[in-house]
Trainee: 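Input: one structure, supplied below.
FYI, side chains are in, hydrogens and waters are out, and symmetry mates aren't considered; it's all heavy atoms of this structure.
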Amino acid sequence: MTESAPDRLAPRVLIADDEELIRTGFRLILTSRGIDVIGEAADGVQAVAEAERLSPDVLLMDIRMPHLDGLEAAQRVLRLLPHCRVLMLTTFDLDRYVYAALAAGASGFLLKDVTAAHLAAAVRLVNTGDALLAPSITRRLVERYATARDAEQAGPAHRPTTSAAARTLAVHRDLAPLTPRELEVLALMGRGLSNTELAEALTLSEATVKTHVARIFAKLALRDRAQAVVLAYETGLVTPGCGRPQQRHLQVRSSPE
């Protein structure tokens, strides 16, 4: 595998994994496709230090790391470098730590047996500001672990319910900046709808939907759709078990676009 000259528009990548074989393999794959790997780290503490020193565009971070776990390391890096996009590396696609990583601001996750083409494409994708996860996959992940977490915190007397009454709640203060229409868009994003599906469900053009999505991201300081789905659940706007809505059941407000 030969190394290509770095693309001037390609992201600068830091690889953090305690397995040297993984770091070496990922470096060879990325550099052969013109992506500049600017450093490596073998543990969480080193990952934070190297990220602060090198200021990468994208950080590939193993979830399970010695000395400082990947989740805590990712949180520290995101506080230091808000522009940095973090891709978590994991062995299982429904790892419970992945949910926490998404809630902390990670832009997605990759399985360690990812193909070479997918690895390079994923790094380039998140560098554009998009999420690696499809919203529907993120929704399933959030539902699985948000439900379990809420049940543990509430105790047996307050197990989650899917009744209509239980889903009627006041707008969370974190969502206060949003207009009624933007709340609708965020709720539907939380249920896994793409922009095309949002446009159909709300009888809007896809360009208008994209504008609403961009405004939601700006107002709530969200990085991407994956984080939007997590926030929709965390604030109670969407509850586990509510599923994807049918268009005939949607009640669209007549608020201004």
Trainee: Kindly say whether Leu21 contributes a backbone atom to a donor-acceptor pair with the side chain of Thr24 at under 3.5 angstrom?
Mentor: no
Trainee: Would you sort out whether Thr31 and Asp36 count as a side chain to side chain contact (heavy atoms under 4.5 Å, CB included), showing the intermediate values?
Mentor: CA-CA 6 Å; Thr31 54; Asp36 188 14; 5.8 Å; no
Trainee: Between CG of Leu81 and CG of Asp57, what distance do you get to the nearest 0.5 Å?
Mentor: 10.0 Å
Trainee: Take atom CD in Glu52; do more than 12 heavy atoms of anything else shown fall under 6.0 Å from it?
Mentor: no
Trainee: Within a strict 4.5 Å, meaning less than it, do heavy atoms of the Arg225 and Asn195 side chains meet?
Mentor: yes
Trainee: Quick one: CG on Leu87 to CZ on Phe109, what's the gap to the nearest 0.5 Å?
Mentor: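 Result: 10.5 Å between the selected atoms.
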Trainee: Spell out, as yes or no, whether a donor-acceptor pair under 3.5 Å connects the side chain of Asp43 to the backbone of Met65.
Mentor: no
Trainee: Which pair of heavy atoms, one from Pro56 and one from Val13, lies closest together, and at what distance?
Mentor: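 Taking every non-hydrogen atom into account, CB-C, 4.4 Å.
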Trainee: So which heavy atom on Glu72 is nearest to which on Asp69, and how close?
Mentor: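 Taking every non-hydrogen atom into account, N-OD1, 3.0 Å.
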Trainee: Counting only N and O atoms by type, is there a donor-acceptor contact under 3.5 Å from the side chain of Arg85 to the main-chain atoms of Asn127?
Mentor: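 No, the answer is negative, given that no donor and acceptor are paired below the 3.5 Å cut-off.
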Trainee: Quick check: are there more than 12 heavy atoms from other residues, nucleotides or ligands sitting under 6.0 Å from NZ of Lys210?
Mentor: no
Trainee: If I take atom CZ from residue Arg181 and atom CD1 from residue Ile216, how far apart are they, to the nearest 0.5 angstrom?
Mentor: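 Interatomic distance, Arg181 CZ to Ile216 CD1, rounded to 0.5 Å: 11.0 Å.
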Trainee: Is any side-chain heavy atom of His83 closer than 4.5 Å to one of Ser55?
Mentor: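 Result yes, sub-4.5 Å side-chain heavy-atom pair found.
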Trainee: A side-chain contact here means heavy atoms from C-beta on lying under 4.5 Å apart; do Val114 and Phe26 qualify?
Mentor: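 Yes - at least one pair of side-chain heavy atoms lies under 4.5 Å apart.
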Trainee: Which atom names give the shortest non-hydrogen contact between Ala120 and Leu30, and what distance separates them?
Mentor: CA-CD2, 3.9 Å
Trainee: Do His212 and Leu204 come close enough that some side-chain heavy atom pair is under 4.5 Å?
Mentor: yes
Trainee: Just wondering, do Arg23 and Val37 contact through their side chains at under 4.5 Å, heavy atoms?
Mentor: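 When only atoms from C-beta onward are counted, Arg23 and Val37 do not touch, as no gap falls below 4.5 Å.
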Trainee: Do the side chains of Leu188 and Leu202 get nearer than 4.5 Å, heavy atoms only?
Mentor: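 Yes - at least one pair of side-chain heavy atoms lies under 4.5 Å apart.
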Trainee: Find out whether Arg215 and Thr179 are in side-chain contact, i.e. whether some heavy atom of one side chain is under 4.5 Å from a heavy atom of the other.
Mentor: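 No; the side chains remain at least 4.5 Å from each other.
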Trainee: Any donor and acceptor pair, going by atom type alone, linking the side chain of Arg12 with main-chain N or O of Leu54 inside 3.5 Å?
Mentor: yes
Trainee: Test Leu186 against Leu220 for side chain to side chain contact (heavy atoms under 4.5 Å, CB included), laying out the working first.
Mentor: CA-CA 11 Å; Leu186 178 58; Leu220 301 181; 4.1 Å; yes
Trainee: Of all the heavy-atom pairs spanning Val123 and Pro11, show the shortest one and how long it is.
Mentor: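 It is CG1-CG, 3.5 Å.
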Trainee: Of the non-hydrogen atoms in Ala47 and Met61, which two are nearest, and what is the gap between them?
Mentor: CB-CE, 3.8 Å
Trainee: Taking the side chain as everything from C-beta on, heavy atoms only, tell me whether Lys112 gets closer than 4.5 Å to Asp62.
Mentor: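 Yes, side chains in contact.
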Trainee: Atom CZ in Arg76, atom CZ in Arg79: separation rounded to 0.5 Å?
Mentor: 7.0 Å
Trainee: Check for me, please, whether Leu231 and Leu71 land in the same ILVMFWY cluster - side-chain distances under 4.5 Å, paths through other members count.
Mentor: no
Trainee: Just how far is it from atom CD of Glu200 to atom OG of Ser194, taken to the nearest 0.5 Å?
Mentor: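 Atom-to-atom, Glu200:CD and Ser194:OG are 9.0 Å apart.
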Trainee: If I take atom CG from residue Asp17 and atom CD from residue Glu40, how far apart are they, to the nearest 0.5 angstrom?
Mentor: 9.5 Å
Trainee: Ala201 and Leu193: which non-hydrogen atoms are nearest, and at how many Å?
Mentor: CB-CD2, 4.1 Å
